[in-house]
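Here is the structure we will look at, set down as structure tokens.
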Amino acid sequence: MKVIIAEKPSVARDIAKVFGATTKKDGYIEGKGFTFTWAFGHLLQLAAPQEYGYYGWSVQHLPMLPPKFKLSIRKVKTKDGVVDDPSVKKQLDTIQKLFDEASEIIVATDAGREGELIFRYIYYYLKCKKPFKRLWISSQTDEAIKEGFRNLKPGSDYDTLFNSAHCRSQSDWLVGMNATQALSLSSGIRGAVLSLGRVQTPTLAMICSRYLENKNFVPETFYQVSIHPDKDGQVFKAISAENYKTKEEAQAVLDQVQDVDGGFPQGGHILQVEAKPRKEPPPLLHDLSSLQQEANKRKGFTADQTLNILQNLYENKLVTYPRTGSRYIGDDVFAGVPALIEKLEQHPLFGKQATALGSATLNKRSVNAKKVTDHHAVLTTGENPHQLSADQQAVYDMVAGRMLEAFHQDCIKEVTKIVVQSGAKFNASGTVIHTAGWRSVFNDKEDDKKDEENATLPKVTQGENLPITAKALLEKQTKPRPLYNEATLLKALETAGKEIDDEELRYAMKDSGLGTPATRASIIETLIKRNYIIREKKNLVPTTTGIAVYEVVKNQQIAQAELTGNWEKRLEEIRSGASVTDFQNEIKTYTRAITSELLAQGKSLKIPAAQTTGVKA
DNA sequence: GCAAGGTC
């Protein structure tokens, strides 16, 4: 008998369905000579320090460098402390029984580094010796699954992938556990937990450095002049092309404006008119991060809330797999899109849009099989939702609405720029939407609209002279970059802090971002739990503890996003066959260095004991 | 008491 093991129940069900296996057992599905079982993500983790004999937190143990790592069952917190998760234990027993009976194992965990690790940790923990083959597919449609089974790979083809995954896991443990204990112990605060890690610390650093930049920003005053030219009763606003440092300069420009009150009936000379049509393509489909950002902007949901709501919708089969990092779908999935859109015709908000889209040519911007990684973009499933809570409905609508947008036509607008001469030069700009296209779905205002922009501009021609009915001197101040909120932080994590607005360019940097779609919400929650940051309205603001930790580590490698970038590069080399021990030795060297540095530097930490978490009474 | 990774 062959056993197929998937990363999660939903995938096992999808595969079993293709085989026509329908007998549901406890923890697996049976039929047609196969059994289909599953994990729930990582069932096993690297054992905690005490399991190597490092009892309690002690400087004498540092750095902790276990000669051989052990695996232990995933833990869960109960009132009696931290224990093996009973549901995980039970599933492992089931898997063990099935592996014992198996002639061959087919590995169907997600097609990626962590998916490989999830299986291998189980396989080695259970001391299984059975041969295994690898199913490698990036979409769960029937055809993709069948094709994948025709193309099963030898399990050993993925040994180097496992090596890179294993290195990632061990390195995070070594650096995180040691750095955390080193800083906590050297802080001198009894029971303090000052955690550090490859992902959480650069994230904290980003929040702190932006906060300090914002707080220390010295606004500069500058001046502008505005005029109101009048075209046959239609008045628009134009702003001086230059900003002025002093009020006097601006006043001089203002005085030279040839307005009606100053005795100039037609003192505004149209120097230039430029009207350009612009096509604005629809946004890509949602991945988890973009959905979390939108839900934060629209509804103020935290990243964690959005993930929980989505997981719930997923478990109720209303949306596809949520923890995806892809904003694309393959052609096979695209083939099913018209039917999904038709289903949305019942939707109270988008029904009309869905109907209209049903008879139009669909935009294929979000269709690109090469950009589908372990999972495709989030879609609705075609199941009809009922009895959703307001929050569930809101998130569901964001998924459904984005689908309609993504497959909609471009928005066609005309961007007009007018240059008016009246003493000095003045600019006016305005945007007129000709064909709303995808923008008709939500009918939102553009988020990047500047406050000086005119909604519509009158038709004027070059050489024309217009009366200027008003003029004013404007006093303005330069503004600092805003504090991070969850939406802007999530976006920044995708590109490891580099500011890239272009959607597609940002996408290309996916592999060098901080954290993964599945973990970013929990990174934010960890920083909050440690009392490093707090939510203040929508903003994420560091506490004195957070700032103090940042001050100690800000120049260290562990606070730089580049650390992840460097690791990823090395892990990728390992995947293509480079030495594992070289990397492991470098990590050990780094662990020793960071540990001793933190033991020395932690003494300079100044935090009131009450502001650290985990303080024992 | 501690990492980052996955998922019910």
Side-chain angles (χ1 to χ4, degrees), chain A residues 6-12 27 38-51 54-58 61-64 69 74-77 81-82 85-88 90-91 109-110 112-122 165-185 187 189-203 288 307-308 310-312 314-316 321-325 374-375 514-523 525-527 529-530 558 563-564 567 571 587 591 594-595 598 612-616:
Chain A
E7 179 156 330
K8 43 189 167 275
S10 65
V11 174
W38 52 79
F40 314 113
H42 276 295
L43 302 184
L44 298 157
Q45 57 192 18
L46 296 179
Q50 65 265 25
E51 298 190 43
Y54 308 119
Y55 297 109
W57 291 30
S58 162
H61 295 148
L62 302 184
M64 303 174 285
F69 275 97
R74 186 209 307 165
K75 301 293 183 280
V76 66
K77 276 184 183 163
V82 178
D85 185 326
S87 66
V88 168
K90 186 176 171 212
Q91 190 64 13
T109 49
D110 291 355
R113 196 168 72 195
E114 292 303 322
E116 191 63 28
L117 192 62
I118 286 170
F119 166 70
R120 299 279 184 134
Y121 273 177
I122 295 169
H166 202 197
C167 278
R168 198 279 307 146
S169 178
Q170 293 177 345
S171 305
D172 278 330
W173 191 103
L174 287 171
V175 171
M177 296 294 187
N178 282 295
T180 297
Q181 285 201 18
L183 183 68
S184 304
L185 289 167
S187 74
I189 304 162
R190 217 176 104 76
V193 179
L194 299 172
S195 68
L196 297 174
R198 170 179 59 86
V199 176
Q200 64 172 267
T201 304
T203 305
L288 175 61
L307 176 54
N308 288 334
L310 263 180
Q311 173 68 19
N312 196 283
Y314 167 66
E315 285 167 24
N316 287 301
Y321 180 76
R323 281 172 230 89
T324 174
D374 310 12
H375 305 277
L514 277 175
T516 70
T519 58
R520 285 185 190 126
S522 69
I523 297 287
E525 298 304 317
T526 296
L527 294 175
K529 198 164 91 190
R530 298 274 174 270
I558 197 171
L563 182 66
T564 289
W567 283 24
L571 292 170
I587 294 293
T591 300
I594 182 90
T595 304
L598 289 169
T612 55
T613 56
V615 177
K616 286 176 188 166

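All chains are named by letter (A, B, ...) in the order of the sequence lines, taking the proteins before the strands, and each is independently numbered beginning at 1.
Of the possible polar contacts, none joining the A:Arg168 side chain to the A:Trp567 backbone as a donor-acceptor pair under 3.5 Å is found. At distances below 3.5 Å, at least one donor-acceptor pair connects side-chain atoms of A:Gln91 with backbone N or O atoms of A:Trp38.
Distance, A:Leu62 CG to B:dG1 P: 17 Å, rounded to whole Å.
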In the 5'-to-3' direction, what one-character label does each nucleotide of nucleotides 2-7 of chain B receive under the scheme B = base within less than 4.0 Å of a protein heavy atom, S = sugar-phosphate only, - = no such atom? BBBBBB
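Looking at A:Arg120 and A:Glu116, a side-chain N of the basic residue comes within less than 4.0 Å of a carboxylate O on the acidic one, giving a salt bridge.
Between the CG atom in A:Leu571 and the OG1 atom in A:Thr564 there is a gap of 10.0 Å [rounded to 0.5 Å].
Evaluation of the side-chain hydrogen bond (donor to acceptor under 3.5 Å, both in side chains) rule for A:Ser169 yields A:Tyr121 as partners, not counting sequence neighbours.
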